[in-house]
Colleague: 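One structure follows; several queries about it will come next.
Whatever order the structure lists them in is the order used to number ligands and atoms, beginning at 1.
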Amino acid sequence: MKLELRRLVRGARLGILSGLGGGGQHSLELPGCLLYTRCCSVPHLTQDTLRTLGALPAGALLPLASVAEHQEVLESFQEGAAKFAGLHNTALFCSLHDPATLCPSGYNTNKTVSIWSSGGRIELTVQRYMALQAAVRPNWYQSLADGDTQQAGTSLKRIRKSVDRTLAFLDECLLLHHKAQLAEAHIFGVIEGGDVLEERLRSSRETAKRPVSGFVLDGFHSRAMERELQHQLIVAVTSELPQDKPRLLQGVGRPDEVLACVELGVDLFEGFFPFLVTERGCALNFDFNVNCDPESKEQEENGVAEKLMKDSEEPADLQQVTCFEMNLKDEKYRDDFRPLVEGCECYCCKNHKRAYLHHLLVTKELLAGVLLMLHNLAHYGGFFSALRRALESGHFEALKGKVLGLSRSV
Ligand SMILES: [Zn+2]
């Protein structure tokens, strides 16, 4: 795996991560997002429907919780979770928790970390965790981590413990990494430290000393802390990390937060946001088309977008409808015969109207989820492409202004 940075725009890193996957044949453009899956399937979609999207991320995310109870099946299958689920042409990243579900706290110990699968709680020792990773056979994966510091008012003692445990887990994982048929996979170290600057710095420095291929930034989702503190801590963390290794930020997916975190030096996101939007019957419709005209250049210089960023609303919880989407269950779409987003090239927008989606949702047809997921993935992917183009062409401020809601198409 090799990270080539083509350009630095303020704090944002534009580049390409190459040599991913078994034969090293995949590459991922940065900043980018992974394709969110559960058990290696994109929710609602078969491989055929997924492929109608054309440009898909070359990396997929598999939360371990969705496969953990099938360890024995995967072990007897022997060829890994991606092949088991028929997920082709993608480099699989296996993470610990599912970013689209909240994880109960208070269950981790010095020896174990708990995850929740459909069958209930599974306690993972490092041994069990590495055996699971060996069964899943991901191309890259995170080390076991104790990220249970997200409750407000977590004590300094508890935060220190999470850093110490996570480093101890990493060292144990590294010892087993080469023995566990994972020699070809890449392991990412996890940065913890809650909302305490010193602990974040300690976690970053210590993790960076280990032979890891990249870094996972844990515990920064928008429910965990105030936005300003979040930004301050992410800057502190990324400035401690080596430039030539990728940084994946967990639990963050809202477009405004993505833009802010890219400027703080984050490369990769988990891609679960379009799924959350789909599950609440909504469609992404925020505008990210930047005209490269003189006016937007001017905006660049005046820093107009900076102000807008501060004024936009506070982070929502997982279920709440955000300002980046439209709620198609709303009665006002009952006889709206426009596509979800004018000019969108996805299957849904080319073939169906808002009124039809409204009908499918009201009558609780499963097709609603399929069509919404297709559009939301296409829209979110388009946003990341626009983000990279804007960094390339120097229109990042203009893009920020657009995304933060100067003009939304409703
Ligand atoms: Zn569409």
Colleague: Any N/O/S atom, side chain or main chain, of H379 closer to the Zn ion (ligand 1) than 2.8 Å?
Modeller: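 Checking H379: none of its N, O or S atoms is under 2.8 Å.
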Colleague: Taking the Zn ion (ligand 1) as the vertex, how big is the angle to SG in C349 and SG in C344, rounded to 10°?
Modeller: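 With the Zn ion (ligand 1) as the vertex, the angle is close to 110°.
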Colleague: Does R389 come within less than 4.0 Å of E392, counting only side-chain N to carboxylate O?
Modeller: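 Between E392 and R389 there is no salt bridge, as every charged N stays at least 4.0 Å from the carboxylate O atoms.
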Colleague: Would you kindly check if the NZ (Lys) or CZ (Arg) of R200 is within the cone defined by 45 degrees around the ring axis of F220 and under 6.0 Å from the six-membered ring centre?
Modeller: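 Pair R200/F220 counts as cation-pi.
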Colleague: Flag the pair R38 and D98 as a salt bridge only when some basic side-chain nitrogen lies within less than 4.0 angstrom of an acidic carboxylate oxygen.
Modeller: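 Judged by the 4.0 Å cut-off on N to carboxylate O distance, R38 and D98 do form a salt bridge.
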Colleague: Does CZ in R334 sit with more than 12 non-hydrogen atoms of other residues, nucleotides or ligands closer than 6.0 Å?
Modeller: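 Not more than 12 within 6.0 Å, no.
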Colleague: With rounding to 10 degrees, what does the angle H375:ND1 / the Zn ion (ligand 1) / C346:SG come to?
Modeller: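 Vertex the Zn ion (ligand 1), arms to ND1 of H375 and SG of C346: 120°.
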